[in-house]
2 protein chains.
Amino acid sequence: MAVQTRATLHDVARLAGVSAKTVSRVYSQRDLVAPDTVERVMSAAKRLRFRPNLLAQSLRRGGGATTVGFIMGELLNPFYYTVAAGIERELALHGFALIVATTDDSVEGEARVADTLLSQRVGALLMIPVGEDQSYLEGERQLGTPVIAIDRPARDLVADSVVLANRAGAYEATRALISRGHRRIAYICNPASVYTQVERVTGYRAALASAGIDPDPRWERLLDDPASSPESVVRDLMVQPSVPTAIIAGNNRVCIGAVRATLEMPAPPALIGFDDFETADVLGISVVGHDPMEMGRRAARLAVERMRDPIGFTTQLELPTRLIARGSGERAPALSESSR
Amino acid sequence: MAVQTRATLHDVARLAGVSAKTVSRVYSQRDLVAPDTVERVMSAAKRLRFRPNLLAQSLRRGGGATTVGFIMGELLNPFYYTVAAGIERELALHGFALIVATTDDSVEGEARVADTLLSQRVGALLMIPVGEDQSYLEGERQLGTPVIAIDRPARDLVADSVVLANRAGAYEATRALISRGHRRIAYICNPASVYTQVERVTGYRAALASAGIDPDPRWERLLDDPASSPESVVRDLMVQPSVPTAIIAGNNRVCIGAVRATLEMPAPPALIGFDDFETADVLGISVVGHDPMEMGRRAARLAVERMRDPIGFTTQLELPTRLIARGSGERAPALSESSR
DNA sequence: TTGAAAGCGTTACCAT
DNA sequence: ATGGTAACGCTTTCAA
């Protein structure tokens, strides 16, 4: 039960009666070693339970990194963990380990975990930016650690990025509602002052404008209050003197809140959410869907490319969305509401 | 735009006009260094964008690990990622970074990623065991890497573990159904030959026995077929000559399948799921709930303790479950079905 | 085909 | 209060 010490290259070399370098070669350039030497080394390694130390490997000058860091808001958010899943799979394909770090979507958290990951000497930094400004990473990028921004572009930082076609998605959803006869269409989101929402609101307004509908501030609920529940925001909206006949929920959390709020209504408004979620099909909720897993995969692939080739132009990838009709978004305006 | 080289302790030392060791002290035992020396070192460090290299730190003999590995089935499974969230939070509190690795719930995957993580020299290995046998890790444990099993105990391996009170939870759910008048209670799970399901089925049968109800193989759908959809299993069950009046779904996936299958039925059976899920409250589904995040936290805490104190007895933690009534589990048997 | 020596960035030990 | 030296486990020259 005594805690033994871990075998090193030298221990294996001694037992096999060769030099350390030969053992090293067996693991990296096996074809340069005589077959029977390989055999002897391998059996010595097995006997000593030898396992190469990746830390020591990447410590050498020029020894590439074996890990990649991912800075995410939290592991419980479906969008975040799906992206993480895509990243992990793609990285595993290329032999990199994934270190995840969460920030609780706070700016300080982002800087703090970035620091930790860089001290771990990750080969690349993948992140869903939170703060208004990632310039604090510019120095690190110049020192050779590429940064890949996901979902939102990095600000004041040279970085590759993978984002959604947010405007186009919101535009399409809004147009779909208009084509069903809706004119009073609400857009609800929280938080609102993030890149994705700014883009989506722009798409929403553009679609209204294209149909000759003036945007109405009463139906734009652009919140930035972590405390307010999406459900109550929707309930509040629906007891005003004039109510919308359709709602676009800016993200999955707001959408679930809207579902809760409108489920029991006799004549619920049409509803389209942004981001798909697990039971949306059971509940019959139409959404602007996309593929977060693919976002993660593409981001990871960019990271791998950058690690191999640190110089070169940065890539900005925009992934498409698609409107998934499941019923809630196809409801016509209630008759009593259709007149203005 | 030329890629510079990263500053080291020596670079900082040279610029500050001190020795490398002094710089090192500034970062670890600052009170042993003269205040103005600290000042000079810090400003030199800032100028060179110096950042301590954790890889080099833990390379030294006795230099503790800074990472912990978590082997999970996949990042998209709610149970898994919630556990991961708990682990990540707790580890961050203690200054450890989390490396996640997924196995697709395959035995080979488990061995493969364990190998990778051990090569990364993680300080501890957290895992939700998949295979029937984790003895392949016993050597590593003796070499000083503690293993903590989550949700299922490790087999043939000395390891701490954190599991649920599966039997008690299933017992309670079954008793609750019995007390509502149910006698034909089905138990459905897939896969069935894992520790948790064996335990839960045992609890289910014990509850039946305690009410003098003979277990009936027709209502035990213990599958081990990844291909069969839970939904179709339930549909099939409900078109038999004799149908159950209540269903217990052994895990969240089966439960969601059961919801899909029974949603449209005029007189749906009572339903209790094991594991809570996001929209269970909206759908009114009663479940045997527990706290996966807490499981992760406790497991991480055990890992930290073991890393600090490698010897000592292993701990087996059993966390409680609780029955959450939301309607679906409180339905009485349909009248036409209540006679045998 | 194989080996010796130097170095990667850090800290422990022992001096000063 | 500060510094030199050796060591951590590995790979890369350069030789043999």
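So you know, we letter chains A, B, ... as the sequences are listed, proteins then strands, and number each from 1.
- Where B:Val33 and A:Ala7 each meet DNA chain D at their nearest nucleotide, the meeting point lying more 5' is that of B:Val33.
- Under a 4.0 Å N-O distance rule, the pair A:Glu294/A:Arg298 qualifies as a salt bridge.
- In this structure the side chain of A:Phe50 never reaches within 4.5 angstrom of the side chain of A:Leu15, judged on heavy atoms.
- Interface limits on DNA chain C: the 5'-most and 3'-most nucleotides within less than 4.0 Å of chain A heavy atoms are C:dT1 to C:dG9.
- Ion pairing of A:Arg112 with A:Asp115 is absent here, as no side-chain N (NZ or NE/NH1/NH2) approaches a carboxylate O to less than 4.0 Å.
- No side-chain N or O of A:Ser106 forms a donor-acceptor pair with one of A:Asp104 less than 3.5 Å apart.
- Using a 4.0 Å cut-off on heavy atoms, the residues of residues 9-30 of chain B that approach DNA chain D are B:Val18, B:Ser19, B:Lys21, B:Thr22, B:Arg25, listed by number.
- A donor-acceptor pair shorter than 3.5 Å cannot be found between the side chains of A:Thr102 and A:Glu74.
- A donor atom on one side chain and an acceptor atom on the other are not found under 3.5 Å apart for A:Thr67 and B:Gln120.
- A 4.0 Å heavy-atom criterion places the boundary nucleotides of DNA chain D facing chain B at D:dA1 to D:dG9, written 5' to 3'.
- Of the residues near DNA chain D, B:Asp31 and B:Ala56, the one whose nearest nucleotide (by heavy atom distance) lies more toward the 5' end is B:Asp31.
- In the model, B:Thr37 has no side-chain atom that pairs as donor or acceptor with a side-chain atom of B:Glu39 under 3.5 Å.
- Between A:Arg6 and B:Glu140, at least one side-chain N (NZ, or NE/NH1/NH2) sits under 4.0 Å from a carboxylate O, which counts as a salt bridge.
- Side chains of B:Tyr136 and B:Glu110: a donor-acceptor N/O pair is present below 3.5 angstrom, by distance only.
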Step by step, would you call A:Leu76 with B:Tyr81 a side chain to side chain contact (heavy atoms under 4.5 Å, CB included)? CA-CA 7 Å; A:Leu76 299 181; B:Tyr81 65 68; 4.0 Å; yes
